[in-house]
**Student:** 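Next up is a structure, given as structure tokens.
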Amino acid sequence: MYELKKDQLCKVAHLVRGELFPKPEVTSVIEGNNPGWIFVNDLSSPTTAIIWPQGMEGFHFAGDENDKHFLENINEYVDEVLQSRLKGFGFNFFEVSGDNKSWNKTIEKVFTHRNWMSVPNM
């Protein structure tokens, strides 16, 4: 997992075109108009990303919901990196969504061991 720097954020624009878009808060981070973080599976050619718009209580997953390496490592990354960063903003939990409905089952499977709940799409 790699965190993109401000001048690299546009590298994930092609990943956020799923059926659940537009999500202006996510697009705004990618365009550099809103502070946030973007983590990707590959710095040179990302195919999967996690996007956190500052001020939101959640992460947006975009790209390949079947990226085996990404999925095998996401829980460790949450535990070792993301949780402590979120606590710095006063969060004790976070929401997760995906850019298409296929992410729903993937997210459920990957985070099955965590204390979580599913909220139906509005």
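All values reported here derive from a predicted model rather than from experimental measurement.
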**Student:** Measuring from His60:NE2 to Thr27:OG1, what's the distance to the nearest 0.5 Å?
**Tutor:**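 The NE2 atom of His60 sits 8.5 Å away from the OG1 atom of Thr27.
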
**Student:** Backbone N or O of Asp67 within a donor-acceptor pair of the Thr48 side chain at under 3.5 Å?
**Tutor:**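 No, because the side chain of Thr48 does not come within donor-acceptor range (under 3.5 Å) of the backbone of Asp67.
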
**Student:** With side chains defined as the heavy atoms from C-beta onward, is the minimum distance between Leu82 and Phe39 less than 4.5 Å?
**Tutor:**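 The answer is yes, as the side chains (C-beta and beyond) meet within the 4.5 Å cut-off.
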
**Student:** Looking at Gly98, is its backbone amide N or carbonyl O close enough to the side chain of Asn104 to form a donor-acceptor pair, meaning the two atoms are under 3.5 Å apart?
**Tutor:**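 No: the side chain of Asn104 does not pair with the backbone of Gly98.
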
**Student:** Compare every heavy atom of Asp99 with every heavy atom of Val16, then report the nearest pair and how far apart it is.
**Tutor:**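 Heavy-atom minimum between the residues: CA-OD2, 4.3 Å.
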
**Student:** Taking the side chain as every heavy atom from C-beta outward, state whether Thr47 and Asp42 have any pair of such atoms under 4.5 Å apart.
**Tutor:**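 They are not in contact (no side-chain heavy atoms under 4.5 Å apart), so the answer is no.
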
**Student:** Kindly indicate whether the side chain of Trp52, heavy atoms from C-beta on, has any atom under 4.5 Å from the side chain of Leu86.
**Tutor:**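 Of all side-chain heavy-atom pairs linking Leu86 with Trp52, at least one is under 4.5 Å.
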
**Student:** CZ of Phe61 to CZ of Phe70: how many Å apart, nearest 0.5 Å?
**Tutor:**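 Reported value, rounded in 0.5 Å steps: 5.0 Å.
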
**Student:** Could you tell me the separation between the NZ atom of Lys11 and the OG atom of Ser45, rounded to the nearest 0.5 Å?
**Tutor:**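 Between atom NZ of Lys11 and atom OG of Ser45 there are 8.5 Å.
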
**Student:** Look only at the side chain of Lys6 and the backbone of Gly32, and say whether a donor-acceptor pair between them is shorter than 3.5 Å.
**Tutor:**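 Pair absent, no side-chain N/O of Lys6 close to backbone of Gly32.
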
**Student:** In Å and rounded to the nearest 0.5 Å, what is the CG to NE2 distance from Asp64 to His69?
**Tutor:**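 These two atoms lie 13.0 Å from each other.
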
**Student:** How close do Pro53 and Gly58 get, heavy atom to heavy atom, and via which atoms?
**Tutor:**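 In this case the closest contact between Pro53 and Gly58 is CD-O, 3.9 Å.
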
**Student:** Do Tyr77 and Trp37 have ring centres separated by under 6.0 Å?
**Tutor:**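 They do not qualify: ring centres at least 6.0 Å apart.
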
**Student:** Supply the atom-to-atom distance Leu43 CG to Leu4 CG, rounded to the nearest 0.5 angstrom.
**Tutor:**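 It comes to 6.5 Å.
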
**Student:** Please check this pair: side chain of Asn100 against backbone of Trp103, looking for a donor-acceptor N/O pair closer than 3.5 Å.
**Tutor:**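 Yes, the answer is positive, given that a donor and an acceptor are paired below the 3.5 Å cut-off.
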
**Student:** Looking at every non-hydrogen atom in both residues, tell me the closest pair between Glu65 and Leu71 and how far apart they are.
**Tutor:**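 Glu65 and Leu71 have their closest heavy atoms at O-CD1, 3.4 Å.
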
**Student:** Please find the pair of heavy atoms, one from Val12 and one from Pro46, that lie closest to each other, and give the distance.
**Tutor:**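 Residues Val12 and Pro46, closest heavy atoms: CG1-CG, 4.1 Å.
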
**Student:** Where do Gln8 and Glu3 come nearest, in terms of heavy atoms and distance?
**Tutor:**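 That closest heavy-atom pairing would be OE1-O, 4.3 Å.
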
**Student:** When you measure from the side chain of Glu76 to the backbone of Asn73, do you find a donor-acceptor pair of N or O atoms at a distance under 3.5 Å?
**Tutor:**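 Checking the backbone N and O of Asn73 against the side chain of Glu76, no donor-acceptor pair under 3.5 Å is found.
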
**Student:** In Å and rounded to the nearest 0.5 Å, what is the CD to CD1 distance from Glu25 to Ile51?
**Tutor:**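 Glu25 atom CD to Ile51 atom CD1 measures 10.0 Å (nearest 0.5 Å).
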
**Student:** Work out which heavy atom in Asn41 is nearest to a heavy atom in Tyr2; give both atom names and the distance.
**Tutor:**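 The pair with the smallest heavy-atom distance is O-CE1, 3.5 Å.
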
